[in-house]
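Read through the structure below, which is laid out as structure tokens, and then see the notes.
Throughout, a chain's letter reflects where its sequence line sits, starting with A, and its residues are numbered from 1.
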2 protein chains.
Amino acid sequence: MGRVTIYEVAQAAGVSVATVSRALNGGPVAPATRERVLEVARRLGYRPDRLAQGLATGRSRTVGVVIPDATGPLYGQMQRGLADVLTAAGFGYIATESRRDPGREAALLDEMLARKVEALVLVGSGLPVEALRARFSTLPPLVLIEREGAAAGVPTYQIENEAAAYRATRALLSAGHTKIAHIKGLRRAGREREAGFLRALAEAGLEPAAVAAGDFTEEGGYRAARALLARGGFTAIFAANDRMALGVYRAAFEAGHKIPEDLSVVGFDDLAFSAYLTPPLSTLRQPAYELGRRAGEAVLSMLGGKTPESAVLPCAYVARASVARKGGAV
Amino acid sequence: MGRVTIYEVAQAAGVSVATVSRALNGGPVAPATRERVLEVARRLGYRPDRLAQGLATGRSRTVGVVIPDATGPLYGQMQRGLADVLTAAGFGYIATESRRDPGREAALLDEMLARKVEALVLVGSGLPVEALRARFSTLPPLVLIEREGAAAGVPTYQIENEAAAYRATRALLSAGHTKIAHIKGLRRAGREREAGFLRALAEAGLEPAAVAAGDFTEEGGYRAARALLARGGFTAIFAANDRMALGVYRAAFEAGHKIPEDLSVVGFDDLAFSAYLTPPLSTLRQPAYELGRRAGEAVLSMLGGKTPESAVLPCAYVARASVARKGGAV
DNA sequence: GCCGCTTTTGTAAGCGCTTACAAGGGGGAA
DNA sequence: TTCCCCCTTGTAAGCGCTTACAAAAGCGGC
């Protein structure tokens with residue numbers, strides 16, 4: 001592979017390897033020497049060996065990223081935010097999928113530790129921080145995204161699920177709806193969104209018309225919506241994400257209900273397709289890229305010995321045509 | 001970090017480091033000794049240092065993956081296929097996004113080479129293989145996905161764009177449509193799909209009713225469809241991907257055309273949302289996971305000194321309600 | 001012209017692991 | 001019992017790089 005080593009550069013430039021290393025890494029070297037070394041290195045096509053560098057310095061310039069499911073559309077944006085700040089700082093990263101399997105997650109972490117990652121970014125649900133600390137005696141700096149851990153003193157970046165759901169529900173309320181159903185999602189995000197939904201209703205002195213359990217997929221949303229529609233008694237549905245909202249569209253169509261005339265719908269995520277549905281879906285836009293960027297900056301600042309603050313990032317309510325003033329109840 | 005080294009294990013087990021290394025890696029060691037060493041290693045929480053291993057063996061057990069855009073929904077599945085076979089074989093991988101920027105791609109490759117990846121999986125459009133070989137004197141085994149290179153003798157895995165588009169068009173033809181429009185996509189995939197479309201028509205002795213350029217996004221599909229609908233003269237549209245097909249749905253709705261009564265639509269990709277649109281979209285299902293899996297196996301076999309064969313994977317036509325027998329022309 | 005100081009450069013010791021090579025031990029054949 | 005061979009283990013030399021430490025070289029001030 002990387003044939004040319006620092007030794008050959010040293011020889012060709014007529015200096016010692018120490019000088020080459022210093023010239024390459026900005027150490028103290030006479031300007032003329034540095035220039036000569038750099039020139040020779042380029043001519044020879046020298047490429048440093050990160051493995052050797054890592055071994056010698058104890059720093060791998062790599063951060064590990066663990067996500068539950070890489071197929072989510074928002075994950076790509078998050079990863080991009082992370083990559084932007086990390087690569088700008090000269091760091092590489094290795095990303096892997098835990099698929100929500102604790103055993104698998106532990107194995108991935110093992111492998112990342114073996115690769116001497118300098119920091120770990122954990123995304124989404126997974127083993128609690130305490131469990132990690134117990135299992136891995138020696139852990140690099142941790143940064144969490146959409147995961148519990150602020151209590152354990154770990155910088156955590158998340159979106160304001162509760163507050164955003166609250167605002168979405170308020171939007172429905174101010175359109176005159178008083179009988180609102182909810183299709184909830186899984187895990188913490190699902191619970192928080194439901195909490196925001198319930199709080200908005202409670203403040204208005206209302207009860208939820210109905211709450212059905214979904215699983216964040218189109219199919220789950222469809223099934224939940226069918227169940228809900230069979231019973232009726234509401235004029236709007238707040239689905240915990242856009243994919244389930246799409247399931248609602250389908251169920252409503254099949255049941256002969258028109259959106260938004262008979263039924264208003266709000267989703268969560270603002271996926272690419274949401275703006276192009278008929279009618280375009282009102283939803284909450286997640287700052288996914290920003291989440292990644294913030295986490296990346298947190299990694300850098302922890303590596304610099306600082307203690308970054310956790311943050312909860314805002315979601316923007318995007319009003320589209322799927323919400324209308326209260327019409328006939330379903 | 002990984003405090004415990006092979007030396008401490010050796011000392012605690014009363015053997016030499018060589019024996020520990022052999023015990024750990026399945027070298028020739030007396031069974032009793034191996035057991036004792038393994039036990040001690042576990043008790044001490046020993047974790048091998050991949051960097052040091054890599055330096056010593058010259059093999060990093062890592063493969064590099066470069067993709068143009070990680071936000072695509074199919075990419076996640078492909079990555080999963082790749083990861084499944086690679087991690088099972090004890091390989092890690094580092095994935096990065098080129099964002100279709102040649103300079104950026106070259107920089108990423110540089111970094112991967114510095115990390116001594118044992119193989120490179122290049123996905124989607126990017127620098128031609130010859131250019132890579134010219135720029136990087138020393139390149140590890142290459143495997144390509146959805147990218148030109150079979151000519152250069154590099155194992156390449158792709159989906160049958162042309163044949164699949166041909167079949168989709170045939171489906172439209174056999175539903176009685178004779179005036180069919182196409183919204184084409186970008187790059188090679190776009191060209192191949194268009195070619196399949198044209199071939200099917202030519203075989204039937206027909207001309208395309210119209211061909212508009214799209215960019216694979218909902219917005220692009222929407223704009224193209226509006227332009228097409230303004231001129232009219234067709235009863236079906238074949239969009240080069242599902243996202244653009246969704247744009248067609250929107251444009252058709254706004255123009256007052258009903259799908260599939262007035263207009264039949266076929267997409268490409270079978271994204272998660274496609275089955276839940278109203279009406280559900282007929283489309284072509286891509287074997288994305290399989291693509292990744294095959295590429296992973298190719299990597300392994302090349303590392304084993306073999307020469308894997310390139311392959312073109314089939315797409316399945318999924319017939320749904322967006323295609324009807326020819327109705328009134330738009 | 002000599003001294004002490006500040007650069008600039010070289011020497012060599014690792015970082016943690018693998019692996020040729022050699023040595024020690026034990027068993028079977030003679 | 002002796003010899004040979006094979007199995008098991010240890011010694012030590014790197015892999016490519018960084019970095020103390022020390023030596024060399026250059027400088028101004030006296």
- Query: For Gln158(A), which of Glu192(A), Arg188(A), Glu148(A), Glu146(A) qualifies under side chain to side chain donor-acceptor pair (under 3.5 Å)?
  - Reply: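 For Gln158(A), the side chain to side chain donor-acceptor pair (under 3.5 Å) test succeeds with only one of Glu192(A), Arg188(A), Glu148(A), Glu146(A), which is Arg188(A).
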Walking DNA chain D from its 5' end, the first of Ser16(B) and Thr19(A) to be reached, judged by nearest nucleotide, is Ser16(B)
Checklist line | Comparing Ala52(A) and Arg59(A) on DNA chain D - which has the more 5′ nearest nucleotide | finding: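 The residue closer to the strand's 5' end, by nearest nucleotide, is Ala52(A).
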>> Between Arg104(B) and Glu97(B), does any NZ, NE, NH1 or NH2 come within less than 4.0 Å of an OD or OE carboxylate oxygen?
In response: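 Looking at Arg104(B) together with Glu97(B), the answer is no, because their closest N to O distance does not fall below 4.0 Å.
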Touch class at under 4.0 angstrom, heavy-atom based, for Ser21(A) against every strand present
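Counting heavy atoms under 4.0 Å across all strands, the contact made by Ser21(A) includes a base.
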Review point. How would you label the contact of Ala18(B) with the nucleic acid (heavy atoms, under 4.0 Å): base, sugar-phosphate, or nothing?
Key: base
For the side chain of [X], starting at C-beta, report the closest nucleotide among [options].
X	options	value
Asp49(A)	dA12(C), dT18(C), dG16(D)	dG16(D)
Ala30(B)	dG14(D), dT8(D), dC15(C)	dT8(D)
Leu55(A)	dT18(C), dC17(D), dG16(C)	dG16(C)

Presence of donor-acceptor pair under 3.5 Å, side chain of Arg22(A) and base of dG10(C):
yes
Notebook entry, point to check: Could one point to a donor on the side chain of Tyr7(B) or the base of dC15(C) with an acceptor on the other under 3.5 Å away?
Noted result: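 Under the 3.5 Å cut-off, the side chain and the base do not form any donor-acceptor pair.
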Roughly how many Å is it from [atom1] in [X] to [atom2] in [N], rounded to a whole number?
X	N	atom1	atom2	result
Leu24(A)	dT19(D)	CG	P	13 Å
Glu35(A)	dT8(C)	CD	P	14 Å
Ile6(A)	dG14(D)	CD1	C1'	16 Å
Arg50(B)	dC17(C)	CZ	P	10 Å
Leu51(B)	dC15(C)	CG	P	15 Å
Arg61(B)	dG16(C)	CZ	C1'	18 Å

In Val85(A), Leu300(A), Val299(A), the residue satisfying side-chain contact (heavy atoms from CB on, under 4.5 Å) with Phe91(A) is Leu300(A)
**Prompt:** Taking only N and O in the side chain of Thr33(A), is any of them less than 4.0 Å away from OP1 or OP2 of dT8(C)?
**Reply:** no
Do the side-chain N or O atoms of Gln53(A) get closer than 4.0 angstrom to the phosphate oxygens (OP1, OP2) of dT18(D)?
-> yes
- Query: Under the side chain to side chain contact (heavy atoms under 4.5 Å, CB included) criterion, do Val66(B) and Met112(B) qualify, and how do the steps go?
  - Reply: CA-CA 10 Å; Val66(B) 179; Met112(B) 307 215 138; 4.2 Å; yes
Exercise for review: Could you tell me whether Glu290(B) atom CD has more than 12 heavy atoms of other residues or ligands within 6.0 Å of it?
Suggested key: yes
